[in-house]
Enquirer: 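Here you go, one structure.
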2 protein chains.
Amino acid sequence: MRLSNLADYAVVTMSAAARHCGGARSSAAELAAETGLPVPTVQKLVSKLSAAGLLRSTRGAGGGLQLARPAAAITLADIVEAVEGPIALTACLEGHDCIHDHDCRVRPHWPVVNAALRGALAGISLTRLSSPFASSEVERRISAGVSTSLDTNGVLV
Amino acid sequence: MRLSNLADYAVVTMSAAARHCGGARSSAAELAAETGLPVPTVQKLVSKLSAAGLLRSTRGAGGGLQLARPAAAITLADIVEAVEGPIALTACLEGHDCIHDHDCRVRPHWPVVNAALRGALAGISLTRLSSPFASSEVERRISAGVSTSLDTNGVLV
DNA sequence: GCTTAATCGGACCAAATTGTTCCGATTAAT
DNA sequence: ATTAATCGGAACAATTTGGTCCGATTAAGC
């Protein structure tokens, strides 16, 4: 039930990349310096994130990385899936047939849980993560039933 | 983003225990036979589940296990927390101060995500997991906006 | 058109958490 | 008091994860 460190780092890296929203290409080394993560780790991450279509990489001298989509169109679910694969709590749904019980009573219920989980993560966009507002403020507004969303600049609306 | 095997097995074990809802104490070996899990693994599980107050264990000859609460009052979140500890996607919230950046921009947003996640898991009760209905049926009713819940016998209401 | 320099992409190696197994302490019935 | 069956905790092995390195690719500069 815990995110892998890589996925955690991926979120931080994407958040840092989103701050370069001017469109300026930032290198992996630059992102590593901003986030405090080891350079090779960031290299491994941007590789996966690019393959998933979240980052666009430009190679060669003067190259670098930039967001492939607007920050508002990138969610936590996208980032997690890019690093960890499909969001599924159990392995019994993807090929690895559970040896134990082939008509397991709980197995048909996992898709519902997975969908609920993915929905929770898909509700958090990158703009919201880069928001200067503390989560407590956002949380208070949500629980108060106030319509809460952020524009592309991370401004609370 | 994946449940540990132990947590998965814990859900299966609790589901099996819920089927003995007549109040009959079932032994760990019995549960292992029903679920197809190794006996020592189940022993380790019931140990944690008892410590968390989800199962009540009676020692000695003729002893065994039974649910400490009605199945309707036990949720997936309870089981997961019993085995894996608090539901938190990142480790930076519990003591392990992130070495990298002490005013991390994404860190204040994790509590919201954690709460959303826990809410999704807390919405699935043990009665629903033991339901004879396939999840697709439940899911269809939910997405159709039909009020969907299950009584203590797992009957769709 | 060639050289140069800086980038990403993939493969190898080490560490840590997890999963399994075993044995001893405790308890109720006989 | 004895017996038998249970749970609880401790030690060991394995798979996944995290970190590091080097090579292939690419665009700019001359």
Side-chain angles (χ1 to χ4, degrees), chain A residues 1-10 12-13 17 24-33 35-66 68 80 82-85 88-91 94 96 98-100, chain B residues 1-10 12-13 17 24-33 35-66 68 80 82-85 88-91 94 96 98-100:
Chain A
M1 202 57 239
R2 188 160 301 170
L3 221 54
S4 72
N5 288 356
L6 264 299
D8 185 4
Y9 297 162
V12 176
T13 302
R25 288 187 254 266
S26 51
S27 69
E30 197 175 347
L31 290 174
T35 57
L37 297 170
V39 176
T41 300
V42 175
Q43 285 185 353
K44 193 184 181 68
L45 282 173
V46 298
S47 172
K48 287 203 172 193
L49 292 168
S50 300
L54 298 181
L55 287 179
R56 179 154 289 281
S57 68
T58 310
R59 295 168 75 160
L65 302 146
Q66 53 186 351
V80 171
V83 176
E84 296 192 344
L89 263 61
T90 59
E94 37 184 67
H96 304 124
C98 193
I99 322 117
H100 306 301
Chain B
M1 201 58 237
R2 188 160 299 172
L3 221 54
S4 73
N5 288 356
L6 265 298
D8 185 5
Y9 298 160
V12 176
T13 302
R25 288 187 255 265
S26 51
S27 68
E30 196 174 348
L31 291 175
T35 56
L37 297 171
V39 176
T41 300
V42 176
Q43 285 185 353
K44 192 183 181 68
L45 281 174
V46 297
S47 171
K48 287 204 170 193
L49 292 168
S50 301
L54 299 180
L55 288 178
R56 180 153 290 280
S57 68
T58 311
R59 297 168 73 162
L65 301 147
Q66 53 186 351
V80 171
V83 176
E84 296 193 342
L89 262 62
T90 59
E94 37 184 68
H96 303 124
C98 193
I99 321 116
H100 306 300

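Every chain is numbered from 1, with letters handed out A, B, ... down the list of sequences.
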Enquirer: I want to confirm an ordering. Mapping A/R59 and A/L6 to their closest nucleotides on DNA chain D, which one lands closer to the 5' end?
Expert: A/L6

Enquirer: If I take atom CG from residue B/D8 and atom CG from residue B/L37, how far apart are they, to the nearest 0.5 angstrom?
Expert: 8.5 Å

Enquirer: Would one find a side-chain N or O of A/S57 under 4.0 angstrom from OP1 or OP2 of C/dC8?
Expert: no

Enquirer: Checking all strands, does A/A28 fall into the base, sugar-phosphate, or nothing category for heavy-atom contacts under 4.0 angstrom?
Expert: sugar-phosphate

Enquirer: Counting only side-chain N and O atoms of B/T58, is one of them less than 4.0 Å from OP1 or OP2 of C/dA28?
Expert: no

Enquirer: Just by modelled atom types, is the B/A28 backbone N or O under 3.5 Å from a matching donor or acceptor in the B/Q43 side chain?
Expert: no

Enquirer: Nearest-Å distance, CG (B/N5) to C1' (D/dT17)?
Expert: 14 Å

Enquirer: So how far is it from A/T41 OG1 to A/L31 CG, rounded to the nearest 0.5 Å?
Expert: 13.0 Å

Enquirer: What is the separation between atom CD on B/Q43 and atom P on C/dC23, rounded to the nearest whole Å?
Expert: 13 Å

Enquirer: Distance check needed: D/dG19 P versus A/D8 CG, whole Å only.
Expert: 11 Å

Enquirer: Need to verify one output field. Residue with the more 5' nearest nucleotide on DNA chain D, B/V46 or A/L3?
Expert: B/V46

Enquirer: How is A/A51 classified with respect to the nucleic acid when contacts are heavy atoms under 4.0 Å: base, sugar-phosphate, or nothing?
Expert: nothing

Enquirer: Taking the side chain of B/S50 as heavy atoms from C-beta outward, which of C/dT21, D/dG8, D/dG18 is closest to it?
Expert: D/dG8

Enquirer: Take A/R56 and A/S50 through the side-chain contact (heavy atoms from CB on, under 4.5 Å) test and state the conclusion after the steps.
Expert: CA-CA 6 Å; A/R56 179 154 289 281; A/S50 300; over 6 Å; no

Enquirer: Which whole-number value in Å describes the distance from B/L54 CG to D/dC7 P?
Expert: 16 Å

Enquirer: Let me know the distance between CD of A/Q66 and C1' of C/dT7, rounded to the nearest Å.
Expert: 14 Å

Enquirer: Tell me the closest heavy-atom pair linking B/V83 and B/A7, and the distance in Å.
Expert: CG1-N, 3.9 Å

Enquirer: Could you state the NZ-P distance from A/K44 to D/dC22, rounded to the nearest angstrom?
Expert: 16 Å

Enquirer: Specify the separation, in whole Å, of atom CG of A/L31 and atom C1' of C/dC8.
Expert: 13 Å

Enquirer: Would you mind telling me which of C/dT7, C/dG9, D/dC7 lies closest to the side-chain atoms of A/S27?
Expert: C/dT7

Enquirer: Expressed as a whole number of angstroms, how long is the span from B/Y9:OH to C/dT21:C1'?
Expert: 14 Å

